[in-house]
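Encoded as structure tokens, the structure appears first; notes follow it.
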Amino acid sequence: MPNDPMFTVASLVSAAASNIFLLDAARGLAGLGAAALLTAGCSLLAATFEGPARNRAFSAVGIVTGGGLALGAMAAGALADTLGWRAFFGLHAVLMLLVLSAVPFLGESRSVTAARVDWLGTAAFVSSLFLLMLGTVEGPQWGWGSAGVLGLLAGSAALMVAFVLVERHARYPMLDLKLLRNARFMALCLIPVVVTFSFVILLPLLPNYLMVANGAGSRAAGTTMLVMALPILVTPLLAGRLIKWGLSTRAVFGLSLMCLTIGLAWLALVLRPGVGLAALAGPMITLGVGLGLNFGLVDGAVLTVVAPEATGTAAGFLNTLRLGSEAVVIAAVGAALVDLVRDGLGDGLRRFPAYRGGAGELANSVNAGDLTGALSGLPTENRPAFFDYVTHGLTGAWQTVLWTSAGICMALSLAIYAMLAEPKPKPKPDRGPATAGEPASEATTAARFR
């Protein structure tokens with residue numbers, strides 16, 4: 001795992017950074033190291049464990065990752081409040097030093113081919129995603145029809161086409177496009193996309209709603225979000241148990257996707273200004289259970305439907321789709337909320353002539369979790385009516401986003417469940433080892449999803 005030192009050194013530089021530019025560069029380097037760790041870690045687990053032991057190993061991964069989601073933000077906030085923000089990055093380095101000390105005891109997982117890095121394909125893919133995210137973020141600010149935004153989106157599309165062309169002719173491609181013809185592999189890779197649309201978008205954005213519509217402080221909003229994350233501490237283990245008790249992997253994934261979709265729709269029904277924890281607990285717990293049932297399990301399952309020599313590529317594609325979808329969808333949902341709030345407030349702000357700002361400025365402010373600045377400039381007698389008007393407009397925007405996301409999750413879930421179905425058996429002659437895009441043992445992997 002050669003990129004452990006990269007993440008460790010980048011964390012140390014972050015802790016000691018004296019200006020924002022050095023800090024940004026160090027965090028980018030840490031991101032490269034973390035991406036390599038995710039891919040290498042999944043491949044090592046797949047190479048080390050088999051059968052039920054592999055399920056237990058990836059369940060443990062799910063529990064640990066869930067613990068990070070559930071407790072990481074709160075622990076980071078407490079650490080920053082007590083010892084300062086530098087201690088947060090310093091802790092990363094300390095933890096990674098412990099990991100480095102264990103690396104000599106890990107087994108080796110190496111491809112039999114001396115593949116080279118596909119620099120051209122990697123550059124085209126990363127640049128395409130960067131332009132897409134930048135265009136999405138700036139859409140509400142510059143205007144979706146502006147030359148700048150249209151140029152960024154067109155550039156992203158052109159680079160993605162270039163990426164596909166490069167991969168088709170590269171000797172050692174970043175992504176073996178034959179993997180995309182493997183229906184079960186693609187189905188498993190789409191599960192994190194459902195997670196992004198249902199669970200992940202809420203983590204950075206819903207606390208801002210609670211701070212505005214409920215008047216909650218940042219700590220109270222964060223504590224409320226903890227309700228959604230806590231089930232992830234136990235449900236990955238439950239998923240392993242369900243499979244041990246005879247439930248198919250496909251059925252567990254179906255249950256997970258159903259919980260995620262229902263939880264999101266339920267949240268759309270209960271969300272309103274002043275909503276309490278009692279009303280939020282049901283949908284939040286349902287969402288947490290839905291994520292926990294596939295957390296870790298999907299990482300293990302995706303490596304069983306490709307040939308052993310393709311596990312590194314498969315893990316890389318899964319995590320690229322997972323993290324890439326998170327970045328793009330969060331940016332898109334944030335932009336949609338700004339647009340919807342701005343359009344929803346519209347001319348109604350004329351009822352409050354004492355408010356001197358515009359609808360766009362106010363939409364940006366409330367979606368960042370701040371309404372106090374706008375309220376402070378109003379006469380005291382106008383503040384309750386202004387608060388009600390803005391929070392109801394914000395709630396309407398959120399309900400639109402939640403229902404739209406629930407519809408997307410439902411459509412993806414149905415497609416994923418269908419794609420995970422056992423393929424009809426076909427009489428085939430013996431043709432030797434499977435290619436990278438095909439399961440290594442079709443009979444074995446089909447049994448996992450029956």
Side-chain angles (χ1 to χ4, degrees), residues 20-21 23-32 34-35 117-170 173-175 177 180 189-190 192-197 200-205 208 316-346 358-369 397-398 400-401 404-405 407-408 412:
I20 189 63
F21 301 106
L23 179 60
D24 284 344
R27 299 321 300 155
L29 188 64
L32 290 175
V117 176
D118 176 18
W119 292 112
L120 187 58
T122 301
F125 185 80
V126 172
S127 299
S128 175
L129 285 186
F130 174 76
L131 293 183
L132 176 60
M133 285 187 288
L134 183 60
T136 302
V137 169
E138 297 299 344
Q141 316 304 326
W142 299 353
W144 291 104
S146 66
V149 170
L150 292 177
L152 288 171
L153 297 180
S156 174
L159 284 169
M160 188 56 67
V161 171
F163 167 74
V164 172
L165 295 175
V166 168
E167 298 307 281
R168 290 180 63 182
H169 297 93
M174 168 189 162
L175 172 64
L177 296 179
L180 305 185
C189 289
L190 286 174
V193 179
V194 176
V195 170
T196 297
F197 273 103
V200 175
I201 60 171
L202 302 177
L203 291 175
L205 300 175
N208 295 335
F317 183 78
L318 172 67
N319 285 300
T320 297
L321 200 58
R322 173 183 283 144
L323 300 176
S325 70
E326 289 178 4
V328 172
V329 173
I330 288 173
V333 170
L337 286 170
V338 171
D339 272 345
L340 289 167
V341 172
R342 182 187 59 207
D343 295 343
L345 296 179
E361 178 186 350
L362 184 58
N364 282 320
S365 179
V366 296
N367 279 293
W398 262 95
T400 299
V401 164
T404 302
S405 297
I408 293 171
L412 285 175

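Residues Leu132 and Leu153 have side chains in contact (heavy-atom distance under 4.5 Å, counting atoms from C-beta outward). Cys189 has its side chain within reach of Phe317: a pair of non-hydrogen atoms, C-beta onward, lies under 4.5 Å apart. Side-chain contact check for Leu205 versus Val333: some heavy-atom pair is nearer than 4.5 Å. Residues Asn367 and Asn208 fail the side-chain proximity criterion, which asks for heavy atoms closer than 4.5 Å. At a threshold of 4.5 Å between non-hydrogen side-chain atoms, the residues Leu321 and Pro192 do not count as touching.
Ala359 and Gly346 get closest at one heavy-atom pair: CB-N, 4.5 Å. Phe163 and Gly121 get closest at one heavy-atom pair: CD1-O, 3.2 Å. For Val166 against Asp118, the heavy-atom pair with the smallest separation is CG1-OD1, 4.2 Å. Closest non-hydrogen pair, Ala397 versus Leu340, comes out as CB-CB, 3.6 Å. The two residues Glu326 and Thr196 make their nearest non-hydrogen contact at CG-OG1, 3.4 Å. Between Trp144 and Ala335 the shortest heavy-atom distance is CZ2-CB, 4.0 Å.
Atom OG of Ser325 is separated from atom CD1 of Ile201 by 11.0 Å, given to the nearest 0.5 angstrom. One distance of note links CG of Leu131 with CE of Met160; it measures 10.0 Å at 0.5 Å rounding. Interatomic distance, CZ of Phe197 versus CG of Leu202, reported as 12.5 Å (0.5 Å rounding).
Using a cutoff of 4.0 Å between basic side-chain nitrogens and carboxylate oxygens, Arg27 and Asp24 are not scored as salt-bridged.
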> Stepwise, does the side chain to side chain contact (heavy atoms under 4.5 Å, CB included) test hold for Thr136 with Met133?
Replying inline: CA-CA 5 Å; Thr136 302; Met133 285 187 288; 5.6 Å; no
